[in-house]
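In what follows, residues are counted from 1 in the order of the sequence shown. Nothing here was measured: the structure is a model prediction, and the numbers come from that model.
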Amino acid sequence: MRAKDYDYMSRALRLAEKGLYSCHPNPRVGCVVVKDDVVVGEGWHEKAGLPHAEILALREAGAAARGASVYVNLEPCCHQGRTPPCTGYLIDAGVKRVVAAMEDPNPQVAGGGIQNLRSVGIDVDVGVLRRTAESINRGFIKRITRDQPWVTLKVAASMDGRTATAEGESKWITNEHARKDVHHWRARSSAVLTGSGTVRADDPALTVRHVVTQRQPLRVIVDSKFSTPLDSGVVSGPGQVLIATANPKYAHHEDVDVEHVEVVYLPDADQTVDLIALMHHLAQREINEVLVEAGPTLSGALLRAGLVDEVLLYLAPCLLGNLGRGMFDLGVLDKLADRSAFHMRDVRQFGDNLRIALQPLVHL
């Protein structure tokens with residue numbers, strides 16, 4: 001590897017981030033073409049069905065691509081999907097070297113792109129800024145490798161860990177800056193998930209606002225008995241809605257009489273929604289990332305099932321007292337050794353509020 005490889009790959013990753021809100025369900029990819037230490041072309045994948053980053057960068061480079069080095073944060077594809085394989089374009093352009101941050105976990109690629117390039121004499125190096133590249137496409141990677149989306153659980157709480165008063169009032173615990181930050185997480189997610197209790201109590205919209213995007217995430221409601229009011233804000237808002245239920249009335253996947261609402265029947269042995277089955281169902285729908293905005297019952301159930309990959313905890317400098325509602329319903333913990341441990345990945349400040357990003361070390 002060369003020292004400048006990291007600089008050019010950093011540039012490719014910044015380009016990939018331009019697709020953070022738009023390229024679902026495809027991975028976020030950026031590409032930089034360099035000739036004699038000069039950037040001659042660059043591109044990023046904006047939307048499924050549109051040209052991939054490599055193709056756009058080669059178009060911009062034109063004839064200068066011959067003998068150039070190409071930096072891309074994901075192994076170039078070698079299969080026919082919505083668009084032709086990128087390896088063919090790279091070979092035809094006559095590039096000399098390809099630097100990829102990571103291999104593509106998609107079985108249709110999975111090293112095949114690298115092999116294709118090397119077979120015609122193109123030098124290929126893999127691994128520059130791998131961890132950063134994995135982070136930007138963590139949902140895509142988990143969906144492909146584990147048949148589940150990446151699940152981020154968002155919680156807003158007081159300093160004493162309360163999400164609402166004893167009467168259920170929760171608007172607003174955190175400040176405006178923290179609430180606007182949540183919309184960035186909604187915008188990058190393929191789906192936003194909540195429970196029917198939250199829908200009935202708070203009537204949230206769960207749509208993306210305060211962020212410029214042409215795509216609304218799928219809104220998913222976990223509703224074992226099917227008690228969601230069909231005139232609620234989350235149902236009547238723009239975009240598609242999926243209601244997961246254990247009500248046998250919907251055993252044959254009968255939809256409700258609302259055009260953009262779909263129902264999926266996923267009961268477990270207790271006649272509640274099978275959360276693991278729900279995550280597999282979402283993965284089959286090409287959902288890469290799920291943002292959970294729910295109450296303590298559903299949040300606790302997701303944690304207990306080992307389905308949460310990250311917790312975003314927004315803390316406000318206030319106290320709601322011991323009768324306020326807690327963050328997670330985890331049942332009775334008899335031994336301290338049985339607690340759930342987390343790694344504090346990041347801490348950021350929004351005015352006088354904090355956002356703490358936590359990743360579970362051991363699932364409950």
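Under the 4.5 Å side-chain criterion, counting only non-hydrogen atoms from C-beta, Val99 is not in contact with Val72. Looking at heavy atoms from C-beta onward, Phe328 lies in side-chain contact with Ser299 at the 4.5 angstrom threshold. Considering only heavy atoms from C-beta on, Arg11 comes within 4.5 Å of Glu42 through its side chain.
The 12-atom threshold is not exceeded at NZ of Lys18, counting heavy atoms of other residues, nucleotides or ligands nearer than 6.0 Å. Environment of CZ in Arg215: crowded, with over 12 heavy atoms of neighbouring residues, nucleotides or ligands closer than 6.0 Å. Residue Gln115 qualifies as open at atom CD: its count of foreign heavy atoms under 6.0 Å is 12 or below. Within 6.0 Å of the CD atom in Gln349, the count of heavy atoms belonging to other residues, nucleotides or ligands exceeds 12.
With 3.5 Å as the limit, one finds no donor-acceptor pair spanning the side chains of Asp270 and Thr272. With no hydrogens or angles considered, a side-chain donor-acceptor pair links Asp147 and Gln284 at under 3.5 Å. With no hydrogens or angles considered, a side-chain donor-acceptor pair links Thr207 and Arg209 at under 3.5 Å.
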Legend entry - From CA spacing to verdict: side-chain contact (heavy atoms from CB on, under 4.5 Å), Thr245, Val264: CA-CA 6 Å; Thr245 188; Val264 59; over 6 Å; no
Inset, instruction - Output, in order, the C-alpha distance, side-chain angles, deciding distance and verdict of side-chain contact (heavy atoms from CB on, under 4.5 Å) for Asn137 and Asn73. - result: CA-CA 10 Å; Asn137 281 314; Asn73 60 294; 3.8 Å; yes
Inset, instruction - Give the C-alpha distance, both sets of side-chain angles, the deciding distance and a yes or no for side-chain contact (heavy atoms from CB on, under 4.5 Å) between Glu103 and Val126. - result: CA-CA 7 Å; Glu103 301 84 354; Val126 183; 3.5 Å; yes
Inset, instruction - Using the side-chain contact (heavy atoms from CB on, under 4.5 Å) rule, take Thr194 and Val199 through it: C-alpha gap first, then chi angles, then the decisive distance, then the call. - result: CA-CA 8 Å; Thr194 193; Val199 173; 3.8 Å; yes
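In this structure, the separation between CZ on Phe342 and CD on Glu310 is 11.0 Å, given to the nearest 0.5 Å. Residue Ile243 holds its CD1 atom at 6.0 Å from CG of Leu230, rounded to the nearest 0.5 Å. Annotation: the span from Cys86 atom SG to Leu74 atom CG amounts to 9.5 Å, rounded to 0.5 Å. Atom-to-atom distance recorded for Gln359:CD and Arg345:CZ is 5.5 Å, nearest 0.5 angstrom. Put simply, CG on Asn116 and CD1 on Ile114 are 10.0 Å apart, with the number rounded to the nearest 0.5 Å.
Leu315 and Leu320 sit in two unconnected hydrophobic clusters of ILVMFWY residues. Membership requires side-chain heavy atoms under 4.5 Å apart, directly or through other members. At a threshold of 4.5 Å between side-chain heavy atoms, the hydrophobic network of Ile, Leu, Val, Met, Phe, Trp and Tyr places Val292 and Leu275 in one connected group. Under a hydrophobic clustering in which Ile, Leu, Val, Met, Phe, Trp and Tyr are joined whenever their side-chain heavy atoms come within less than 4.5 Å, directly or via other members, Trp150 and Val29 fall into different clusters. Under the 4.5 Å side-chain heavy-atom criterion for ILVMFWY residues, a single connected hydrophobic cluster contains both Val222 and Leu218. Val120 is connected to Leu58 through a chain of hydrophobic side-chain contacts under 4.5 Å among Ile, Leu, Val, Met, Phe, Trp and Tyr, so both are in one cluster.
A cation-pi geometry, defined here as NZ or CZ lying under 6.0 Å from the six-membered ring centre and within 45° of its normal, holds between Arg179 and Trp172.
Here the options are Arg143, His24, Arg138, Arg188, the test is side-chain hydrogen bond (donor to acceptor under 3.5 Å, both in side chains), and the partner is Glu289; only Arg188 passes. Among Asn353, Asp181, Asn175, the one residue that satisfies the side-chain hydrogen bond (donor to acceptor under 3.5 Å, both in side chains) test with Tyr314 is Asp181.
Closest non-hydrogen pair, Gly326 versus Thr163, comes out as O-OG1, 3.3 Å. Considering every non-hydrogen atom in both Asp203 and Val234, the closest pair reads OD1-N, 4.4 Å.
Judged purely by atom type and a 3.5 angstrom limit, Arg162 uses its side chain to pair as donor or acceptor with the backbone of Gly324.
Taking the six-membered ring where the residue is Trp, Tyr21 and His184 present tilted rings, their angle falling between 30° and 60°.
Taking a cutoff of 4.0 Å between a charged side-chain nitrogen and a carboxylate oxygen, Asp123 and Lys96 do not qualify as a salt bridge. Salt bridge absent: Asp223 and Arg200 never bring a charged side-chain N and a carboxylate O closer than 4.0 Å.
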